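Just so you know, residue 1 is the first one in the sequence shown, and it goes up from there. Quantities reported herein were computed from a predicted structural model and do not represent experimental measurements.
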Amino acid sequence: MPETTHRAAVADLVESMSTRLDEIVVGMGDMVVREIDFYRQAIVSRDELHDALGRSVAFILTHLARPDPAAVDVSAPSSTGRKRAI
């Protein structure tokens, strides 16, 4: 597949997922709570979990759509890591 076709396909996928971001985040949050004991203990609220997941998914989608290693902003995963470590 030519690179321009590949980029267009990725852009279409990102656009489609972006319109469903809230639904994706809620589904991911449900799965995380169901599968990971730490999150079942309610140490992290559902709102905090959804916020962190939303920022992480948005981060991934942004960089899939516009791959530019120089512009990578890791503040969302860094913030989540600090909060979980405390």
Trainee: How close do V44 and L49 get, heavy atom to heavy atom, and via which atoms?
Mentor: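 Taking every non-hydrogen atom into account, CG1-N, 3.9 Å.
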Trainee: Could you state whether V32 and V26 fall into the same hydrophobic cluster, counting links through intermediate Ile, Leu, Val, Met, Phe, Trp or Tyr residues with side-chain heavy atoms under 4.5 angstrom apart?
Mentor: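 They do not share one cluster, since no chain of ILVMFWY contacts under 4.5 Å joins V32 to V26.
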Trainee: Taking atom CE of M17 and atom CD1 of I60, what is their separation to the nearest 0.5 Å?
Mentor: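 Answer rounded to 0.5 Å: 8.5 Å.
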Trainee: Identify, with sequence neighbours excluded, every residue that meets side-chain hydrogen bond (donor to acceptor under 3.5 Å, both in side chains) alongside D47.
Mentor: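 With neighbours one apart ignored, the set is empty.
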Trainee: Give, for atom CG of L13 and atom CG of L64, the distance between the pair rounded to the nearest 0.5 Å.
Mentor: 7.5 Å
Trainee: Honestly curious: do L53 and M31 fall in one hydrophobic cluster under the side-chain, below-4.5 Å linking rule?
Mentor: no
Trainee: Hey, what do you get for OG (S18) to CD1 (I24), rounding to the nearest 0.5 Å?
Mentor: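 It is 8.0 Å, given to the nearest 0.5 Å.
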Trainee: Which heavy atom of G54 sits nearest a heavy atom of V25, and at what distance?
Mentor: CA-CG2, 3.5 Å
Trainee: For R46 and D51, run salt bridge (charged side-chain N to carboxylate O under 4.0 Å, His left out): C-alpha distance rounded to whole Å, both residues' side-chain angles, the deciding distance at 0.1 Å, then the answer.
Mentor: CA-CA 8 Å; R46 280 289 176 114; D51 180 58; over 6 Å; no
Trainee: For T19, which residues count as a side-chain hydrogen bond (donor to acceptor under 3.5 Å, both in side chains) partner, sequence neighbours excluded?
Mentor: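 None.
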Trainee: Kindly indicate whether the side chain of I36, heavy atoms from C-beta on, has any atom under 4.5 Å from the side chain of R40.
Mentor: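 The answer is no; the side chains never approach within 4.5 Å.
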Trainee: Quick one: which residue pairs count as a salt bridge (charged side-chain N to carboxylate O under 4.0 Å, His left out) with a foot in residues 9-26, not counting sequence neighbours?
Mentor: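 Only R20-E23 qualify under salt bridge (charged side-chain N to carboxylate O under 4.0 Å, His left out).
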